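What follows is a set of notes on a single structure, which appears directly below.
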Protein chains: 2
Amino acid sequence: MPPEALTPDRILEATEDVLRRYGPAKATVVDVARALGVSHGSVYRHFRTKAALREAVTNRWLERSVGQLAKITAITTQPAPVKLQRWLSALFDAKRKKAGDDPELFATYGVLIEENSGVVDEHIRELIAQLREIIEEGVRAGQFAVDDTAVAAHAVFDATARFHDPCHAAKWRSPTIGDEFTAVSDLLLNGLRA
Amino acid sequence: MPPEALTPDRILEATEDVLRRYGPAKATVVDVARALGVSHGSVYRHFRTKAALREAVTNRWLERSVGQLAKITAITTQPAPVKLQRWLSALFDAKRKKAGDDPELFATYGVLIEENSGVVDEHIRELIAQLREIIEEGVRAGQFAVDDTAVAAHAVFDATARFHDPCHAAKWRSPTIGDEFTAVSDLLLNGLRA
DNA sequence: CGGATGACAGATTTCAATATCTGTTATCTC
DNA sequence: GAGATAACAGATATTGAAATCTGTCATCCG
């Protein structure tokens with residue numbers, strides 16, 4: 001009997017390791033099985049296809065970041081404009097940090113994200129829902145004036161794409177990127193203001 | 001003697017044809033020479049390297065689009081907010097049209113653009129200069145209130161990246177993309193307003 | 001019987017031999 | 001002599017045979 005039972009979680013852990021080591025192009029199900037000391041047939045017992053396995057890894061990665069941001073949404077001691085500003089900053093900083101700390105791993109997840117656009121769409125829907133909550137709070141407090149908070153939240157998310165969408169990651173290394181973010185952020189805040 | 005002298009322009013024309021036909025990965029200098037009925041050595045007389053040839057093609061393509069937008073900037077019968085709105089729409093429509101009409105060709109130029117980021121930077125600088133002119137006009141007329149028109153122009157350009165940067169092209173096929181653009185555009189206009 | 005295994009078929013990837021391409025240059029032509 | 005050419009070396013791309021991978025399944029084990 002192996003030291004521990006084979007669980008989806010252990011498989012996902014091993015898959016992340018393999019992806020980190022070999023990259024998205026070379027990581028195989030056989031590699032994952034080898035890392036776990038089992039046959040690849042056993043992996044297929046828990047994940048029906050390689051695509052499903054990669055999707056689960058992607059989901060896991062995205063959920064970790066959404067969780068962090070939800071904490072900012074939950075803070076109640078800040079006025080909405082400040083909270084929105086901080087939320088956007090946190091999203092940008094988190095992305096930039098990940099991209100800067102380990103560009104290779106970031107690129108790996110970039111590939112997974114392109115593969116699993118469905119999972120990403122759901123993730124984005126959650127982020128926009130958080131944004132909407134902050135904007136709604138601001139409307140209630142008379143700090144923001146918008147017709148439709150859902151539309152506004154979507155617009156804010158879209159307008160900051162340059163600072164969170166991985167396809168712009170290369171530009172995040174520019175020394176002026178911070179100023180550019182502030183300029184967009186301020187302009188948007190101003191646009192929402194009552 | 002060939003029907004016409006071999007000029008840089010004819011070579012660029014032929015290069016565009018070859019790129020259209022074979023795509024960016026397979027288009028070779030030998031192909032271009034063959035299309036022109038000359039030896040590839042002759043092409044190298046006009047363009048020092050394959051990279052220089054591709055850069056010139058990229059430049060040509062980008063200049064065509066900047067030229068169209070400059071016409072909108074030059075119109076003097078519209079108030080600045082309307083002009084800005086129309087300019088952004090025109091940029092988005094032009095990109096979306098190109099991407100939709102011939103996705104393969106658009107992808108080809110997408111590859112060239114990644115190869116020649118220097119040329120693209122200059123192109124973007126020109127676009128932002130046009131934006132800045134419109135914003136300055138609005139500030140003079142008391143319609144816009146911004147500290148620094150250069151920063152504001154940059155911010156507007158960045159905030160609309162989702163609607164002009166080729167890395168977002170796949171999303172331009174969404175049926176709701178028009179509404180999303182309008183929402184961002186309105187939000188930005190509001191943010192600039194005095 | 002629930003869970004793991006290894007052998008298997010068809011699809012995909014790797015690798016090394018072969019062909020093509022890039023960029024230079026000595027030569028040719030008008 | 002200005003402009004084109006073709007031969008060439010080194011770098012890059014293509015190709016097809018061999019290896020590996022994906023996903024299935026009959027079989028084995030506790």
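The model shown is predicted, which means the values in this text are computed figures rather than measured ones. Numbers restart at 1 for each chain; the letters A, B, ... are given by sequence-line order, proteins then strands.
Donor-acceptor pairing under 3.5 Å is lacking for the side chains of A:Glu133 and A:Thr73.
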Can you give me every donor-acceptor pair (side chain of residues 115-122 of chain A, partner residue at least two apart or in another chain, under 3.5 Å) with its distance?
unit_1   : atom_1 : unit_2   : atom_2 : d
A:Glu115 : OE1    : A:Arg54  : NH1    : 3.2
A:Glu115 : OE2    : A:Arg54  : NH1    : 2.6
A:Asn116 : ND2    : A:Thr58  : OG1    : 3.2
A:Asn116 : ND2    : A:Leu112 : O      : 2.8
A:Glu122 : OE1    : A:Arg125 : NH1    : 2.6

Would you mind writing out the side-chain donor-acceptor pairs for residues 31-43 of chain A within the sub-3.5 Å range, not counting sequence neighbours?
unit_1  : atom_1 : unit_2  : atom_2 : d
A:Asp31 : OD1    : A:Arg34 : NH2    : 2.7
A:Asp31 : OD2    : A:Thr28 : N      : 3.2
A:Asp31 : OD2    : A:Thr28 : OG1    : 3.1
A:Ser39 : OG     : A:Ser42 : OG     : 3.4

Could you go through residues 183-194 of chain A and list every donor-acceptor pair under 3.5 Å that involves a side-chain atom there, pairing it with any protein atom two or more places apart or in another chain?
unit_1   : atom_1 : unit_2   : atom_2 : d
A:Ser185 : OG     : A:Gln85  : OE1    : 3.0
A:Asn190 : ND2    : B:Gly191 : O      : 2.7

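Per the geometry, CZ belonging to A:Phe47 stands 15 Å off P belonging to D:dT24, to the nearest Å. A straight line from CD1 of B:Ile11 to P of D:dA4 spans 8 Å, rounded to a whole angstrom. In this structure, the CZ atom of B:Arg54 is 14 Å from the P atom of C:dC21, given to the nearest Å.
Contacts of residues 14-27 of chain A with DNA chain C (heavy atom under 4.0 Å): none.
A side chain to side chain contact (heavy atoms under 4.5 Å, CB included) with A:Leu62 is found for one member of A:Val57, A:Leu127, A:Ile113 and no other, namely A:Ile113.
With DNA chain C read from its 5' end, the first of the two nearest nucleotides for B:Arg48 and B:Arg34 is the one closest to B:Arg34.
Salt bridge absent: A:Asp93 and A:Lys97 never bring a charged side-chain N and a carboxylate O closer than 4.0 Å. Salt bridge present: A:Asp165 and B:Lys171 bring a charged side-chain N and a carboxylate O closer than 4.0 Å.
A:Val29 comes within 4.0 angstrom of the backbone, heavy atoms only, and of no base.
Under the ring pair (Phe, Tyr, Trp, His ring centres under 6.0 Å) criterion, A:Phe181 pairs with A:Phe92, A:Phe163, not counting sequence neighbours.
Side-chain proximity of A:Thr28 to the nucleotides D:dC21, C:dT22, C:dC21 is greatest for D:dC21.
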For nucleotides 3-12 of chain C, just jot down a letter per nucleotide in 5' to 3' order: B, S or -, based on protein non-hydrogen atoms under 4.0 Å. SBBBB-----

